[in-house]
Amino acid sequence: MHSASERLRAASVLLVLLVLGQFALAAVAGAQPQGQPITSTDETLIVKVRLAGLWEMPAGDWARTRGASPRVKEVGMSIMVDHGRLDVQDRALAAELGIGLPDQPTAEQQGWLNEMQNARTPAEFDRIFVNRLRAAHGVIFSAIAQIRAGTKNDRIRAFATTANQAVLRHITLLESTGLADFDALPQPQLSSTSASAALDLKATDIITVVVLAVLLGGATVLLLWLIRNSRTRLKLRPGELNE
């Protein structure tokens, strides 16, 4: 039988392990998402995708019928179909999350459509179509990427991924026409803090890791010491085996 002191030591080890387990559970619970908040930035994504569809779908349809280049016609058809599908998803998600959507393009977007309508020749239409859409896609591409990187909502994150894949596809298609004027595109604005901020740990996260490491290390050392001490006692006093 075990002595009272050994039973006390075993109980102490169990108590330490229970405390360690509680800290671990608290850390895991703190790491779990607390709800699915919708921010104004998330709403902006849904609205911008809707607005993009409101002017790019008719623009794609015009390119399909008015374009001079067969490639522009193909690209216009693809963009029109893609935005049609994306618009269905966008409106469904907006209804689910209670986000109001516009039903008309912005004044700036309507101005781009007017430029296409007023093109004097099919070749001029092709140039306006490709460059207006290429510039707009470049702007929304970076905006969606930032929202995708920072949103705390799973549904928004998944939709942003889908939207960015579509935008990248459209950029590639527009550039494949050979009409994109890259010199006219704005210079990209890179944030030096975005990448470093994504790698930063919160102070509470660091404290939790340190506390868990100390507790685990202490419990392990204590357990090993007790096991070694018990073996030493058994070797020195073999008669205790018959107690």
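All figures in this text were calculated on a predicted structure; none of them were measured in a lab. No hydrogens, no waters, no symmetry mates; every other heavy atom, side chains included, goes into these values.
Rounded to the nearest 0.5 angstrom, R132 CZ and E56 CD are separated by 13.0 Å. Atom-to-atom distance recorded for R91:CZ and L93:CG is 12.0 Å, nearest 0.5 angstrom. Here R66 contributes atom CZ and Q117 contributes atom CD; the two are 7.0 Å apart, rounded to the nearest 0.5 Å. Interatomic distance, CZ of R134 versus OG1 of T177, reported as 10.5 Å (0.5 Å rounding). Note that OG1 of T41 is 9.5 Å distant from CD of Q146, once rounded to the nearest 0.5 Å. Atoms CG and CG, on D42 and N153 in that order, are 6.0 Å from each other to the nearest 0.5 Å.
You'll find the side chain of E74 stays beyond 4.5 Å of the side chain of S69, heavy atoms only. Between Q110 and P105 there is a side-chain heavy-atom pair separated by less than 4.5 Å. Residues D87 and V49 fail the side-chain proximity criterion, which asks for heavy atoms closer than 4.5 Å. Residues R120 and F125 fail the side-chain proximity criterion, which asks for heavy atoms closer than 4.5 Å. Q109 places none of its side-chain heavy atoms less than 4.5 Å from the side chain of Q104. Side-chain contact between E175 and F182 is present, with heavy atoms from C-beta onward closer than 4.5 Å.
Shortest non-hydrogen contact noted between G53 and P58 is O-CD, 3.9 Å. Nearest heavy atom pair, residue G76 against residue F129, reads CA-CZ, 3.9 Å. Considering all non-hydrogen atoms of both residues, I128 and A119 come closest at CD1-CB, 4.3 Å. For the residue pair V47 and P102, the shortest heavy atom distance occurs at CG1-CD, 4.0 Å. Here the shortest heavy-atom pairing between A135 and L185 reads CA-CD2, 3.9 Å. Residues W55 and L113 come closest through the heavy atom pair O-CD2, 3.4 Å.
Cluster annotation: M57 and L101 are assigned to distinct hydrophobic clusters (Ile/Leu/Val/Met/Phe/Trp/Tyr, side-chain heavy-atom contacts under 4.5 Å, transitive). Linking Ile, Leu, Val, Met, Phe, Trp and Tyr residues whenever their side-chain heavy atoms come within less than 4.5 Å leaves L133 and L51 in two separate clusters. Under a hydrophobic clustering in which Ile, Leu, Val, Met, Phe, Trp and Tyr are joined whenever their side-chain heavy atoms come within less than 4.5 Å, directly or via other members, I99 and I140 fall into the same cluster. With hydrophobic clusters built from ILVMFWY side chains whose heavy atoms lie under 4.5 angstrom apart, F141 shares a cluster with I144. By the criterion of side-chain heavy atoms lying less than 4.5 angstrom apart, applied directly or through intervening Ile, Leu, Val, Met, Phe, Trp or Tyr residues, M116 is grouped together with L173 in one hydrophobic cluster.
Although no hydrogens or angles enter the test, the distance criterion places a donor-acceptor pair under 3.5 Å between the side chain of N118 and the main chain of N114. Proximity of a side-chain donor or acceptor of T161 to a complementary backbone N or O of R157 within less than 3.5 Å is detected. Checked by atom type and distance alone, the side chain of T151 never pairs as donor or acceptor with a backbone atom of R148 at under 3.5 Å.
H83 and H170 have tilted rings, their planes meeting at an angle from 30° to 60° on a 0 to 90° scale.
Applying the side-chain hydrogen bond (donor to acceptor under 3.5 Å, both in side chains) rule to D90 yields no partners; only residues at least two apart in sequence or on another chain are considered.
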Original post:
Checking side-chain contact (heavy atoms from CB on, under 4.5 Å) for the pair W112/T106: CA distance, chi angles, key distance, verdict?
Top reply: CA-CA 10 Å; W112 299 336; T106 66; over 6 Å; no
Subject >> Verdict with reasoning, T162 to L86, per side-chain contact (heavy atoms from CB on, under 4.5 Å) >> reply: CA-CA 8 Å; T162 300; L86 199 60; 4.1 Å; yes
**OP:** Could you give me the CA-CA distance, side-chain angles and deciding distance for I156 and L97, then say whether side-chain contact (heavy atoms from CB on, under 4.5 Å) is met?
**Re:** CA-CA 10 Å; I156 296 295; L97 301 177; 3.8 Å; yes
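By the 6.0 Å contact criterion, NZ on K48 is open, its count of non-hydrogen atoms from other residues, nucleotides or ligands being 12 or less.
When the options N131, V72, L179, I79 are evaluated for a side-chain contact (heavy atoms from CB on, under 4.5 Å) with L174, the one that passes is I79.
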